[in-house]
Amino acid sequence: MRVITGIARGRRLETLSGDEVRPTTDMVKEAVFSIIQFQVQGRVFLDMFAGSGQMGIEALSRGAKGAYFCDMKREAVSVIKKNLKETRLEENAQVYQGDSLAFAKSTSQKFDIAFLDPPYNKGITEKALKVLPGVMNKGGVIICETASGETLPESVGDFTLDRTYRYGKIKITTYRLPEEE
């Protein structure tokens, strides 16, 4: 696993070990950043269920103003901090250990991009989607990585399902605010 582009390009990232770990593949990561390529610079990125933190680190490397990382596991938070230090991107990062949903419910921070990659097929994505519209800036995008068979709602708050992309067994779903006429 590595940083694809930007100021930390090519830096290797550590990942967690274990059977329940499922890092976002480079192909899916490249696809996600292709989808939002003109929305990252100067924006605030939320990496929920962050694992190794690779998505938020990629956003920082590409010019995001800040990134917030949330993960329940102490080991994940340790790996995120190590990866931020290795990439020299820790200055614009905030790392929280604890429940990602509780963080989203309690933070006063607003985000331009939120990336969700919780354990598949457990209903966690739907719970997170109920909370996220309240912490998103106007013009923001919510991106969900799920198993390709998972069904997500057509809308969450004022955000509506924008597009769905499939990459083998993985599905990326984006939500945006409808364009005002």
Side-chain angles (χ1 to χ4, degrees), residues 16 20-24 28-29 32-33 35-36 39-62 64-81 83-84 89-147 150-165 170-178:
L16 297 163
E20 37 186 80
V21 175
R22 182 193 32 75
T24 299
V28 171
K29 181 167 57 170
V32 166
F33 281 95
I35 294 165
I36 59 170
Q39 296 175 275
V40 177
Q41 186 80 30
R43 304 288 169 65
V44 180
F45 191 96
L46 173 61
D47 192 348
M48 291 181 79
F49 316 98
S52 66
Q54 71 163 325
M55 298 302 281
I57 288 170
E58 186 72 37
L60 287 170
S61 182
R62 292 173 182 244
K65 176 171 67 174
Y68 288 69
F69 301 83
C70 300
D71 204 285
M72 180 86 72
K73 295 183 180 178
R74 181 178 296 120
E75 304 83 26
V77 167
S78 176
V79 167
I80 293 166
K81 288 179 178 178
N83 285 335
L84 285 164
L89 295 170
E90 65 264 46
E91 184 178 323
N92 297 320
Q94 298 290 326
V95 183
Y96 295 92
Q97 181 184 343
D99 183 87
S100 293
L101 299 177
F103 170 79
K105 288 177 184 175
S106 66
T107 187
S108 60
Q109 178 65 48
K110 295 291 186 182
F111 303 98
D112 300 297
I113 303 165
F115 180 78
L116 306 143
D117 182 16
Y120 290 174
N121 298 308
K122 303 224 185 258
I124 301 169
T125 302
E126 292 83 350
K127 289 177 184 174
L129 284 171
K130 289 179 182 175
V131 177
L132 278 175
V135 297
M136 297 301 295
N137 282 322
K138 190 173 183 169
V141 60
I142 300 169
I143 305 164
C144 306
E145 178 182 331
T146 60
E150 276 190 67
T151 303
L152 295 178
E154 289 294 317
S155 63
V156 289
D158 291 337
F159 285 75
T160 58
L161 193 148
D162 179 49
R163 302 223 24 214
T164 301
Y165 309 82
I170 298 170
K171 179 171 68 174
I172 298 296
T173 305
T174 58
Y175 289 88
R176 298 177 189 271
L177 288 172

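Just the heavy atoms: all of them, side chains too, but no hydrogens, waters or symmetry mates, feed the values below.
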Salt bridge Glu126-Lys130, side-chain N to carboxylate O under 4.0 Å: no
Is Lys171 salt-bridged to Glu150, going by a charged N under 4.0 Å from an acidic O? no
Test side chain to side chain contact (heavy atoms under 4.5 Å, CB included) on Lys138 and Leu177 and set out the steps. CA-CA 7 Å; Lys138 190 173 183 169; Leu177 288 172; 3.9 Å; yes
With rounding to the nearest 0.5 Å, note down the distance linking [atom1] in [X] to [atom2] in [Y].
X	Y	atom1	atom2	answer
Leu129	Tyr175	CG	OH	5.0 Å
Lys73	Ile80	NZ	CD1	11.5 Å
Leu60	Glu90	CG	CD	10.5 Å
Tyr120	Thr146	OH	OG1	6.5 Å
Ser100	Phe69	OG	CZ	12.0 Å
Cys144	Leu152	SG	CG	5.5 Å

Partner set under salt bridge (Lys or Arg N to Asp or Glu O under 4.0 Å) for Arg43, not counting sequence neighbours: none
Quick one: salt bridge (Lys or Arg N to Asp or Glu O under 4.0 Å) partners of Asp158, sequence neighbours excluded? none
List the steps, then state whether side chain to side chain contact (heavy atoms under 4.5 Å, CB included) holds for Ile142 with Thr174. CA-CA 6 Å; Ile142 300 169; Thr174 58; over 6 Å; no
If you look at every heavy atom in [X] and [Y], which pair is closest and at what distance?
X	Y	answer
Cys70	Leu46	SG-CD1, 4.1 Å
Asp71	Ala50	OD2-N, 3.3 Å
Glu145	Pro118	O-CD, 4.3 Å
Arg62	Val40	CB-CG1, 4.0 Å
Leu84	Ala93	CD1-CB, 3.6 Å

[X]: which residues meet the side-chain contact (heavy atoms from CB on, under 4.5 Å) condition with it, sequence neighbours left out?
X	answer
Val131	Ala104, Lys105
Thr107	Phe103, Gln109, Phe111, Val135
Ala128	Met48, Phe49, Leu101, Leu116

Between Asp117 and Met55, is the side chain to side chain contact (heavy atoms under 4.5 Å, CB included) condition met? List the steps. CA-CA 10 Å; Asp117 182 16; Met55 298 302 281; over 6 Å; no
Not counting sequence neighbours, which residues clear side chain to side chain donor-acceptor pair (under 3.5 Å) with Glu75? List them please. none
Heavy-atom check, side chain of [X] versus side chain of [Y], under 4.5 Å:
X	Y	result
Ile143	Thr173	no
Leu161	Ser155	no
Asp112	Phe45	no
Tyr68	Val44	yes
Gln97	Arg74	yes

Is it the case that the side chain of Asp99 and the backbone of Ala102 share a donor-acceptor pair, with hydrogens and angles ignored and the cut-off at 3.5 Å?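 It does hold such a pair.
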Ignoring hydrogens and geometry, is there a side-chain-to-backbone donor-acceptor pair from Asn92 to Gly66 under 3.5 Å? no
Take Thr160 and Arg176 through the test side chain to side chain contact (heavy atoms under 4.5 Å, CB included) and record every step on the way to the result. CA-CA 6 Å; Thr160 58; Arg176 298 177 189 271; 5.8 Å; no
